Amino acid sequence: MRAIAAFITIFCLLLGLNARADDKLPPVVMELIKVSEHVYYVQGAPGAATQNHGFISNAAVIVTDDGVILFDTLGSPALAQLFLQKIRKVTDKPIKKVIVSHYHADHIYGLQVFKDLGAEIIAPAGAEDYLNADNTQTLLEERRTSLAPWVNADTHIVKPDHYVEGNEEIHFGGVTLKLIFNGKAHSDGDQSVLVEPDGVLLIGDLIFEGRVPYVGDANTKVWLDRLKEMSQGKLTAMIPGHGPMSKKPQDVIKRTAHYIEFLREKMGKAVEDMAPFDEAYEATDWGEFIDMPAFAEANRQNAYQVYLSMERESMQ
């Protein structure tokens, strides 16, 4: 399959037909939704990573007096170009910074569009583990096939200009942003942003609303702790990494926390009883989650990863 894709690329180059990912925008519905005085966001569709032409995650816009700050940039340069078009309908201010919630493909493949505009890229410590991982380039190669032409030979991974290693504040254009460092929770490094004057929390992939979360190699113990901490805050709205914005953040946080608690309870009990994973998985009643989007694609893998992590925890 890769050989065929390479042949097509070379053939198109010879004919001068090689399409850039930003030459043609993906046929998706993208609406820039106003949340508060300074904050807007776009909402991807629920589903697996390559569905809806890769538009399955959220990205947010913070408009200040001195320029625009973004939170994540979607899963392809083409989606980022469409995102930029939507931004330009509400402001012509320059894009000054991009705060990255975490380094996963569906949130970072659009970075190059805004880096080319001169934006500073700010990422949480731990993102370097993703950048140095053996499978990072392999995944990009796969997406050049599964999300072609929106991800193509011109698509590349942009490194941060600045790493955040703890909680920080950014004062910019009359707006205070609190960067909340979550450490290794959902990914190798996560951060959230509180837009302080608006009371809006951009929480990233610590929350998957309306679909089964992607656990991957997450540290679910830390993830759960972070969710419990954030459920105590007073917020007017919360924008998750996936799913709709909520005016009742505490309820949404509880739903994701419940799924992770369920995984840890069931897989932890299996590890304690020394039950094989397949046996434990089949014996678990997944009824309350089974109709959620991405259940078929993600749930078994999530359970297996939690099973393995609970084994490691039991040895500590």
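What you are looking at is a predicted structure, and each value in this text was computed from that prediction instead of being measured. Values reported hereafter were calculated over all heavy atoms of this structure, with side chains retained and with hydrogens, waters and symmetry mates removed.
Once rounded to the nearest 0.5 Å, the distance linking CD of E31 with CD of Q43 reads 9.0 Å. Of the inter-residue distances, the one linking I180 atom CD1 with I203 atom CD1 reads 8.0 Å to the nearest 0.5 angstrom. Taken from CG in D134 to CG in L139, the straight-line distance is 13.0 Å, to the nearest 0.5 Å. Atom CD1 of I95 is separated from atom CZ of R88 by 4.5 Å, given to the nearest 0.5 angstrom. The distance from atom CD1 of I87 to atom CG of L70, rounded to the nearest 0.5 Å, is 4.5 Å. Here Q305 contributes atom CD and F277 contributes atom CZ; the two are 9.0 Å apart, rounded to the nearest 0.5 Å.
The shortest non-hydrogen separation linking V35 to A237 is CG1-CB, 4.0 Å. Closest approach of T176 to P197, counting heavy atoms only: O-CD, 3.5 Å. The minimum heavy-atom distance between P77 and V113, with the atom names listed, is O-CG2, 3.5 Å. Shortest non-hydrogen contact noted between G67 and K93 is CA-CB, 3.9 Å. Annotation for A60 and I239: closest pair CB-CD1, 4.5 Å, computed over non-hydrogen atoms. When all heavy atoms of P26 and A78 are compared, the pair lying nearest together is CD-CB, 3.6 Å.
Shown here are the side-chain hydrogen bond (donor to acceptor under 3.5 Å, both in side chains) partners of E169, two or more places apart in sequence or in another chain: H171. Not counting sequence neighbours, the partners of D188 by the salt bridge (Lys or Arg N to Asp or Glu O under 4.0 Å) test are K184. For D106, the side-chain hydrogen bond (donor to acceptor under 3.5 Å, both in side chains) test picks out H242, with sequence neighbours left out. Applying the side-chain hydrogen bond (donor to acceptor under 3.5 Å, both in side chains) criterion to H162, with sequence neighbours excluded, gives no partner residue. Remark: S36 pairs with D198 by the side-chain hydrogen bond (donor to acceptor under 3.5 Å, both in side chains) rule, at least two apart or across chains.
No continuous path of hydrophobic side-chain contacts links L194 to L202 [ILVMFWY only; heavy atoms under 4.5 Å]. The cluster map of Ile, Leu, Val, Met, Phe, Trp and Tyr, joined by side-chain heavy atoms under 4.5 Å apart, puts I56 and Y41 in different clusters. Each of Y40 and I62 belongs to its own hydrophobic cluster when Ile, Leu, Val, Met, Phe, Trp and Tyr are linked at side-chain heavy-atom distances under 4.5 angstrom. Residues I99 and I157 do not share a hydrophobic cluster, defined by chaining ILVMFWY side chains whose heavy atoms lie under 4.5 Å apart. A continuous path of hydrophobic side-chain contacts links V252 to L263 [ILVMFWY only; heavy atoms under 4.5 Å].
In this structure, the ring of F295 has its center no less than 6.0 angstrom from the ring center of F289.
Side-chain polar atoms of T138 and N135 form no donor-acceptor pair below 3.5 angstrom. S192 and N182 form a side-chain donor-acceptor contact under 3.5 Å, judged by distance and modelled atom types alone. For Y163 and E165, the side-chain atoms include no donor-acceptor pair closer than 3.5 Å.
Under the 4.5 Å side-chain criterion, counting only non-hydrogen atoms from C-beta, F71 is in contact with S101. Looking at heavy atoms from C-beta onward, L206 lies out of side-chain contact with T256 at the 4.5 angstrom threshold. At least one side-chain heavy atom of F55 sits less than 4.5 Å from a side-chain heavy atom of V42. Side-chain contact between I69 and V193 is absent, with no heavy atoms from C-beta onward closer than 4.5 Å. Using a 4.5 Å cut-off on side-chain heavy atoms (C-beta onward), T155 and L147 make no contact. For the pair Y259/N302, a side-chain contact is recorded, criterion being any heavy-atom separation below 4.5 Å from C-beta on. Contact annotation: the side chain of I207 approaches that of L227 to within less than 4.5 Å [non-hydrogen atoms, C-beta and beyond]. Using a 4.5 Å heavy-atom cutoff, the side chains of D72 and V100 are in contact.
Residue pairs meeting the side-chain hydrogen bond (donor to acceptor under 3.5 Å, both in side chains) criterion with at least one partner in residues 273-298, sequence neighbours excluded, are H258-E288, K269-D273, D278-R300, Y281-N299, E282-R300. Legend: ring pair (Phe, Tyr, Trp, His ring centres under 6.0 Å) pairs involving residues 175-202, not counting sequence neighbours, sorted by first then second residue: H102-H186, H104-H186, H186-F208, H186-W223. Applying the side-chain hydrogen bond (donor to acceptor under 3.5 Å, both in side chains) definition to pairs two or more places apart or across chains, those involving residues 44-66 are H53-W150. Every pair passing salt bridge (Lys or Arg N to Asp or Glu O under 4.0 Å) that includes a residue from residues 306-316 is listed here, sequence neighbours excluded: R264-E313. Applying the salt bridge (Lys or Arg N to Asp or Glu O under 4.0 Å) test to pairs two or more places apart or on separate chains, none has a residue in residues 32-53. Residues in residues 110-119 take part in these salt bridge (Lys or Arg N to Asp or Glu O under 4.0 Å) pairs, two or more places apart or across chains: K115-D161.
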Would you please test T136 and L131 for side-chain contact (heavy atoms from CB on, under 4.5 Å) and show each step? CA-CA 7 Å; T136 297; L131 292 166; 5.8 Å; no
side-chain contact (heavy atoms from CB on, under 4.5 Å) between R226 and D190: does it pass, once the steps are laid out? CA-CA 10 Å; R226 295 294 180 267; D190 295 275; over 6 Å; no
Let's go through Y103 and L111 carefully: what are the C-alpha distance in whole Å and the side-chain angles of both, what is the deciding distance for side-chain contact (heavy atoms from CB on, under 4.5 Å) to 0.1 Å, and is it a yes or a no? CA-CA 11 Å; Y103 263 63; L111 277 173; 3.5 Å; yes
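At distances below 3.5 Å, at least one donor-acceptor pair connects side-chain atoms of T73 with backbone N or O atoms of H107. A distance-only check finds no donor-acceptor pair linking the side chain of Q81 to the backbone of L25 [under 3.5 Å]. The backbone N or O of I260 lies less than 3.5 Å from no partner atom in the side chain of T220, so there is not a single donor-acceptor pair. With hydrogens and angles disregarded, no donor-acceptor distance shorter than 3.5 Å links the side chain of E209 to the backbone of R255. Counting only distance, with no hydrogens or angles, the side chain of R211 and the backbone of P293 share no donor-acceptor pair below 3.5 Å.
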N/O donor-acceptor pairs under 3.5 Å from side chains in residues 117-130, not counting sequence neighbours:
from : atom 1 : to   : atom 2 : distance (Å)
E120 : OE1    : K97  : NZ     : 2.9
E128 : OE1    : G126 : N      : 2.9

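The environment of OH in Y304 is sparse: at most 12 heavy-atom neighbours from other residues, nucleotides or ligands sit within 6.0 Å.
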